[in-house]
Structure formats: structure tokens, C-alpha cells
Amino acid sequence: QVQLVESGGGLVQAGGSLRLSCAASTGTFRTNAMGWFRQAPGKEREFVAVIHWSSRSTYYADSVKGRFTISRDNAKNTVYLQMNSLKPEDTAVYYCTTSRMFSPRAESVDYWGQGTQVTVSS
């Protein structure tokens with residue numbers, strides 16, 4: 001059973017920064033891609049970022065490009081999301097994911113974390 005545990009969510013002011021972490025259980029293959037999705041109230045779950053298992057490639061949603069940075073530490077089986085210049089529209093529940101494919105499609109996700117709340121005040 002693969003388990004993904006997110007941490008680092010919270011309340012921040014617009015323009016501020018937040019760093020999310022996600023630790024994967026030992027059941028996760030280290031050759032999997034890892035990523036982040038988010039879901040805001042009244043909206044569908046949307047792709048945020050994904051990183052290749054070797055970190056050689058990353059891909060971002062246009063809405064966060066230039067502001068968010070995804071990274072991973074394979075020795076710790078952990079993925080991070082550095083969020084800068086946060087906007088109120090970034091408010092959402094953020095979900096950590098792992099997948100066999102390097103893809104932004106939700107259909108490619110093998111396992112989902114429980115989610116962590118990020119709230120950006122104006």
C-alpha cells in the first residue's frame with residue numbers, strides 16, 4: 001500500500017511564499033514521476049506540476065509557471081513544491097501524486113495524497 005503524506009500547508013498573505021512537502025512510503029517506486037494537483041472550491045481538480053523520476057524534466061501549468069518550483073529528493077522519497085508570489089486564486093487543497101508516466105493527466109495518477117489546505121488572504 002503506497003501512502004503519500006503532505007505537509008506545509010497553511011494561511012499566508014498575498015505575495016508571500018509557502019513550501020509544501022510530500023513524503024512517500026517505501027511501497028513507492030523511486031522511478032515514478034511525482035507531482036501536484038489542486039482543487040479550489042467550486043472548481044475541478046487541476047494539474048499544477050510534475051517532475052520526472054530523475055529530475056531531468058519538469059512541467060508546469062501556465063497559471064503557476066514562473067512562480068512555483070517542483071523538486072524532489074529521491075534519497076528521502078520526497079517531493080516539494082515551492083510556492084512564491086502567492087495569489088488569492090491559489091487557494092485550494094493541494095494533492096501530492098505519484099505515477100508511472102511523466103504526464104499532467106489525472107488519469108495517469110496511480111496514487112493520491114490526502115491533501116493539504118493552502119489559503120492565501122488578500
Side-chain angles (χ1 to χ4, degrees):
Q1 182 69 36
V2 173
Q3 188 170 2
L4 303 172
V5 181
E6 302 100 332
S7 62
L11 174 64
V12 298
Q13 283 188 302
S17 297
L18 204 61
R19 183 178 176 87
L20 305 182
S21 299
C22 173
S25 71
T26 55
T28 303
F29 290 108
R30 293 190 175 184
T31 52
N32 281 4
M34 298 187 74
W36 295 90
F37 284 71
R38 68 185 182 185
Q39 187 167 24
K43 300 180 68 176
E44 294 184 359
R45 190 169 298 186
E46 65 176 353
F47 166 77
V48 176
V50 65
I51 186 168
H52 190 267
W53 68 267
S54 69
S55 298
R56 68 182 179 182
S57 298
T58 58
Y59 184 73
Y60 298 90
D62 288 341
S63 59
V64 305
K65 189 175 298 183
R67 299 188 298 121
F68 291 9
T69 302
I70 188 171
S71 61
R72 68 189 297 169
D73 184 341
N74 287 346
K76 297 181 178 180
N77 224 20
T78 300
V79 64
Y80 306 93
L81 186 68
Q82 179 65 46
M83 309 163 68
N84 298 327
S85 301
L86 283 163
K87 306 173 181 179
E89 50 262 46
D90 293 318
T91 295
V93 176
Y94 284 71
Y95 298 90
C96 175
T97 68
T98 184
S99 60
R100 290 165 291 170
M101 303 293 292
F102 178 73
S103 171
R105 302 198 315 164
E107 292 79 6
S108 297
V109 173
D110 293 316
Y111 294 95
W112 298 83
Q114 186 176 354
T116 185
Q117 177 70 48
V118 172
T119 302
V120 184
S121 64
S122 59

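As the structure is a computational prediction, the values presented were derived from the model and not from experiment.
Thr98 and Asn32 share a donor-acceptor pair across their side chains, judged by distance under 3.5 Å alone. Donor-acceptor pairing under 3.5 Å is recorded for the side chains of Asn84 and Ser17.
Note that CG of Leu81 and CZ of Arg38 are 9.5 Å apart. Values are rounded to the nearest 0.5 Å. Atoms OG1 and CZ, from Thr58 and Arg72 in turn, are 12.0 Å apart once rounded to the nearest 0.5 Å.
By the neighbour-count criterion of 12 heavy atoms within 6.0 Å, atom CZ of Arg19 is densely surrounded, having more than that number from other residues, nucleotides or ligands. A 6.0 Å sphere centred on CD of Gln13 holds no more than 12 heavy atoms belonging to other residues, nucleotides or ligands. Dense packing is recorded around CD of Glu107, with more than 12 heavy atoms of other residues, nucleotides or ligands lying under 6.0 Å away. In Glu89, the CD atom is crowded: over 12 heavy atoms of neighbouring residues, nucleotides or ligands sit closer than 6.0 Å.
Both the sub-6.0 Å distance and the 45° axial angle are not jointly satisfied by Arg105 relative to the ring of Phe47.
Between Asp90 and Lys87 there is no salt bridge, since no side-chain N of the basic residue sits under 4.0 Å from a carboxylate O of the acidic one.
Residues Trp112 and Tyr95 approach most closely at CE3-CB, 3.9 Å, considering heavy atoms. Taking both residues in full, the closest heavy atoms of Thr91 and Gln117 are given as CG2-NE2, 4.0 Å, listed atom of the first, atom of the second, then distance. Residues Met34 and Cys96 approach most closely at CE-SG, 4.1 Å, considering heavy atoms. Residues Ser63 and Arg67 share a closest heavy-atom pair of O-NH2, 2.9 Å.
With hydrogens and angles ignored, the 3.5 Å screen pairs no side-chain donor or acceptor of Asp73 with any backbone N or O of Val79.
Under the 4.5 Å side-chain heavy-atom criterion for grouping Ile, Leu, Val, Met, Phe, Trp and Tyr, Phe102 is not connected to Ile51 through any hydrophobic cluster.
Tyr60 has its side chain out of reach of Val48: every pair of non-hydrogen atoms, C-beta onward, lies at least 4.5 Å apart.
In this structure, Phe68 and Tyr94 have tilted ring planes: the angle between them lies in the 30° to 60° band.
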